[in-house]
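Treat the numbers as computed from the prediction; the structure is a model and nothing was measured. Just so you know, ligand 1 is whichever comes first in the structure, and atom 1 is the first atom listed for that ligand.
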Amino acid sequence: MSNESIILKSDDRLSIDQAAKLLRDGELVGMPTETVYGLAADALNEAAVAKVFEAKERPSFDPLIVHVPDTDRADKLAHFNKQAQCLAEAFWPGPMTLVLPRKSDEQGRPIVPDLVTAGLGSVGIRVPDHPVALALLQASNCPLAAPSANKFGSISPTLAQHVVDELDRKVSVVLDGGPCGRGVESTVVRVTGGGAEVLRLGALPVELVEEVVGGLVKVCAPSSSPGAQAKPSPGMVDRHYAPGTPMRLFDSLDALKSFEPAGRWALLCVGPEPEAAERFEVMRNLSESGDLAFAAARLFSTLRELDGMALDGIAALSVAREGLGRAINDRLSRGSM
Ligand code: TXA
Ligand code: MG
């Protein structure tokens with residue numbers, strides 16, 4: 001069987017039903033979402049969830065996000081306070097994960113197993129904004145634990161073929177939903193009695209979260225709090241989203257100007273072409289007009305492409321530190337040396 005044969009076209013009911021059955025049988029399915037492709041398993045089946053950690057080579061201290069088709073289903077798994085309700089209403093379906101206290105059954109056992117939450121008392125939940133993911137959630141009728149469908153620490157997949165390239169036979173099938181529209185992962189927001197805070201910058205700009213919360217929101221992500229030692233979220237390892245090729249992030253045009261690439265380097269940028277461009281063997285501009293949504297959607301696939309070119313290095317120029325630019329900078333910085 002060729003690799004391609006595990007990729008299923010998702011525009012027909014049969015593929016969705018086949019994938020849903022595999023999930024109910026405890027198998028893993030590559031699932032498109034609006035952010036990145038996920039590696040999905042029945043969140044309530046611990047043996048299936050264990051396969052996710054194994055396939056990704058992911059440490060079990062890093063909790064998984066549980067995907068549900070609507071807020072009612074989320075409400076069965078976690079406690080929503082008023083603020084969480086407002087955020088869910090504003091942004092679901094969409095690229096926001098809420099980290100909320102777990103609910104327990106009548107016997108006092110947590111509904112979402114410890115393996116999914118890494119033993120934390122909270123669970124990360126989101127309703128994805130993708131017709132294929134929603135169809136799969138409905139058809140399988142199970143909450144789906146789904147991390148990004150890449151090996152731990154590497155670049156998240158934004159095409160079905162990326163999932164096969166990363167995980168090969170470790171996934172039963174991959175539903176092909178085309179390229180992911182957002183291209184960076186969901187924004188992770190923890191809501192407690194004390195308020196909301198962002199644990200991971202992502203496709204939902206922090207400014208929009210602040211509008212709903214009605215005030216400034218603390219961002220605990222590593223790149224925005226240099227020197228911060230405490231990891232707000234167990235998965236917040238600094239080196240992440242990393243290509244195999246060494247990558248260096250430049251904060252300004254001046255810093256880039258004084259850099260002399262040794263060997264074959266690529267320049268990755270957004271917006272008007274910088275003067276220093278001619279010093280680079282390869283040049284990739286994620287959006288010449290500086291459209292950050294467009295740039296985000298192309299970020300990971302461009303990194304993958306550059307990674308396949310046997311270059312000596314990738315020089316990335318940081319983008320405007322606002323809106324989606326913060327998530328782009330975060331991924332560039334965590335992929336860099
Ligand atoms: O866009 C996304 O979020 C994608 C798609 C597939 O939904 N998923 C994704 O999952 O990026 P993953 O596993 O690669 O990243 C999940 C992040 C990690 O940083 C993890 O530590 C955090 O969410 N997280 C999950 N549950 C948590 C919890 N209970 N407390 C704190 N952080 C949590
Ligand atoms: Mg990931």
Margin query: I want to confirm something. Looking only at heavy atoms, which of L199, V99, L100 is nearest to atom 28 (C) of ligand 1?
Written below: V99

Check: Where on H67 is there a heavy atom closer than 4.0 Å to ligand 1, on the side chain, on the backbone, on both, or on neither?
Finding: side chain

Margin query: Using the rule side-chain contact (heavy atoms from CB on, under 4.5 Å), only one of V163, V174, L167 pairs with P157; which is it?
Written below: V163

Note to self: Show, in sequence, the C-alpha distance, side-chain angles and deciding distance for L77 and I125, and conclude whether the side-chain contact (heavy atoms from CB on, under 4.5 Å) test is met.
What the structure shows: CA-CA 9 Å; L77 308 178; I125 307 189; 4.0 Å; yes

Next item on the list: Could you see which bit of S148 sits under 4.0 Å from ligand 1, with heavy atoms only: side chain, backbone, both or neither?
Entry: both

Checklist line | side-chain contact (heavy atoms from CB on, under 4.5 Å) between K51 and E27, intermediate numbers included | finding: CA-CA 8 Å; K51 287 186 198 170; E27 300 298 330; 3.6 Å; yes

Notebook entry, point to check: Does an N or O anywhere in T33 fall below 3.5 Å from an N or O of ligand 1?
Noted result: no

Check: Is R126 in contact with ligand 1, taking contact as a heavy-atom separation below 4.0 Å?
Finding: yes

Checklist line | Candidate pair R334 and D330, rule salt bridge (Lys or Arg N to Asp or Glu O under 4.0 Å), full reasoning | finding: CA-CA 6 Å; R334 287 203 268 155; D330 172 79; 2.9 Å; yes

Check: Counting from 1, what ligand 1 atoms have a heavy atom of V188 closer than 4.0 Å?
Finding: 23 (O)

Item checked: Proximal ligand 1 atoms for G38, defined as those under 4.0 Å from one of its heavy atoms -> 6 (C)

Notebook entry, point to check: Which one of V66, V68, L137, V127 satisfies the side-chain contact (heavy atoms from CB on, under 4.5 Å) criterion with R73?
Noted result: V68

Note to self: Quick check: R200 and ligand 1, any N/O pair under 3.5 Å apart?
What the structure shows: yes

Next item on the list: Drop me the distance from R326's CZ to N329's CG, to the nearest 0.5 angstrom.
Entry: 9.5 Å

Check: Is K21 paired with D25 through a side-chain N to carboxylate O contact shorter than 4.0 Å?
Finding: yes

Next item on the list: Starting at CG of L28, measure out to NZ of K56 and round the result to the nearest 0.5 Å.
Entry: 11.5 Å

Margin query: Show me which atoms of ligand 1 lie under 4.0 Å from any heavy atom of G124.
Written below: 26 (N), 29 (N)

Note to self: Can you check which of A146, S156, S186 brings a heavy atom nearest to atom 8 (N) of ligand 1?
What the structure shows: A146

Notebook entry, point to check: Which is it for I6 and R169 under the side-chain contact (heavy atoms from CB on, under 4.5 Å) test, yes or no, and what are the steps along the way?
Noted result: CA-CA 8 Å; I6 69 168; R169 295 282 139 188; 3.2 Å; yes

Next item on the list: Considering the heavy atoms of L120, write down every atom of ligand 1 situated less than 4.0 Å from one of them.
Entry: 28 (C), 29 (N), 30 (N)

Notebook entry, point to check: Which ligand 1 atoms, with their elements, are less than 4.0 angstrom from a heavy-atom of P63?
Noted result: 20 (C), 21 (O), 24 (N), 25 (C), 26 (N), 27 (C), 28 (C), 33 (C)

Margin query: Exactly one of L39, V116, L115, T117 should register a side-chain contact (heavy atoms from CB on, under 4.5 Å) with L64. Which one does?
Written below: V116

Notebook entry, point to check: Is it true that S122 lies under 4.0 Å from ligand 1, counting heavy atoms only?
Noted result: yes

Next item on the list: Check the pair D114 / R102 against salt bridge (Lys or Arg N to Asp or Glu O under 4.0 Å), numbers first and verdict last.
Entry: CA-CA 10 Å; D114 278 339; R102 269 195 297 187; 2.8 Å; yes

Next item on the list: Mind checking whether R58 contacts ligand 1 via backbone (N, CA, C, O), side chain (CB onward), both or neither, at a 4.0 Å heavy-atom cut-off?
Entry: side chain

Checklist line | Sub-4.0 Å heavy-atom contact, P95 with ligand 1 | finding: no

Checklist line | Residue Y241, metal the Mg ion (ligand 2), N/O/S under 2.8 Å | finding: no

Notebook entry, point to check: Does T117 reach ligand 1, in the sense of a heavy atom lying below 4.0 Å from it?
Noted result: no

Checklist line | Any N or O of D62 closer than 3.5 Å to N or O of ligand 1 | finding: yes

Checklist line | Atoms of ligand 1, numbered as shown, that sit under 4.0 Å from any heavy atom of T35 | finding: 1 (O), 2 (C), 4 (C), 5 (C)

Note to self: Does L332 form a side-chain contact (heavy atoms from CB on, under 4.5 Å) with S318? I'd like the steps, not just the answer.
What the structure shows: CA-CA 8 Å; L332 288 174; S318 68; 5.5 Å; no

